[in-house]
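Since this is a predicted model, take the numbers as computed values, not measurements.
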Amino acid sequence: MPIIKVAGEVHLLGWEGKRVSFWENVHANGKDYSRLWTAWFSDAQTVQEQDFVEISGELSTKIGEYTNKQGEKKTVVEHHLQNAVIAQHRSKAEADAFAEEMPF
């Protein structure tokens with residue numbers, strides 16, 4: 001399994017803190033996209049929704065489905081990190097302060 005590192009904002013916690021879903025912002029082909037990741041941990045994590053995290057783990061993907069707001073079923077690729085480890089964590093307040101310090 002390839003090991004990768006992905007960063008983004010925590011969206012949802014589950015399985016007593018052992019599952020962390022987060023949004024990665026991606027810029028490709030002149031457009032901005034968001035990609036949802038789910039990281040799986042062996043122990044509960046102390047992150048909160050809207051915190052910034054950088055997580056490394058074993059990449060796994062699978063085909064999934066969801067129903068959008070218009071009631072249409074959509075096929076998507078689900079992105080997962082197995083045996084995940086948090087490489088960096090900033091609370092929402094710390095992430096906001098960090099963004100304000102950026103010179104651009």
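- Summarising the local packing, CD of Glu65 is surrounded by more than 12 heavy atoms from other residues, nucleotides or ligands at distances under 6.0 Å.
- Between Trp37 and Phe22, the two ring planes are parallel [angle under 30°; tilted spans 30° to 60°].
- By the 4.5 Å heavy-atom criterion applied to side chains, Lys18 and Gln45 are not counted as neighbours.
- Expressed to the nearest 0.5 Å, how far CG of Leu59 lies from CD of Gln82 amounts to 9.5 Å.
- Remark: the backbone N or O of Lys92 is paired with a side-chain donor or acceptor of Asp51 at under 3.5 angstrom.
- Note: Gln88 CD to Phe52 CZ = 5.0 Å, rounded to the nearest 0.5 Å.
- Considering only heavy atoms from C-beta on, Asn83 stays 4.5 Å or farther from Trp40 through its side chain.
- Using a 4.5 Å cut-off on side-chain heavy atoms (C-beta onward), Val10 and Val20 make contact.
- The shortest side-chain heavy-atom distance between Ile4 and Ser56 does not fall under the 4.5 Å cut-off.
- Within the 4.5 Å cutoff, no side-chain heavy atoms of Glu49 are placed close to those of His11.
- Of the inter-residue distances, the one linking His27 atom NE2 with Tyr33 atom OH reads 9.5 Å to the nearest 0.5 angstrom.
- Atoms CD and OG, on Glu9 and Ser21 in that order, are 12.5 Å from each other to the nearest 0.5 Å.
- Rounded to the nearest 0.5 Å, atoms CZ (Arg19) and NE2 (His80) are 9.5 Å apart.
- Counting heavy atoms from C-beta on, the side chains of Thr38 and Leu81 never come closer than 4.5 Å.
- In this structure, the side chains of Asp32 and Val26 stay at 4.5 Å or more apart for every pair of heavy atoms.
- Side chains of Tyr66 and Lys74 form a contact here, defined as non-hydrogen atoms less than 4.5 Å apart.
- Of the possible donor and acceptor atoms, none in the side chain of Asn29 sits under 3.5 Å from a partner among the backbone N and O of Lys31.
- Under a hydrophobic clustering in which Ile, Leu, Val, Met, Phe, Trp and Tyr are joined whenever their side-chain heavy atoms come within less than 4.5 Å, directly or via other members, Val53 and Val6 fall into the same cluster.
- To the nearest 0.5 Å, the span separating CZ on Arg35 from CD on Glu78 amounts to 14.0 Å.
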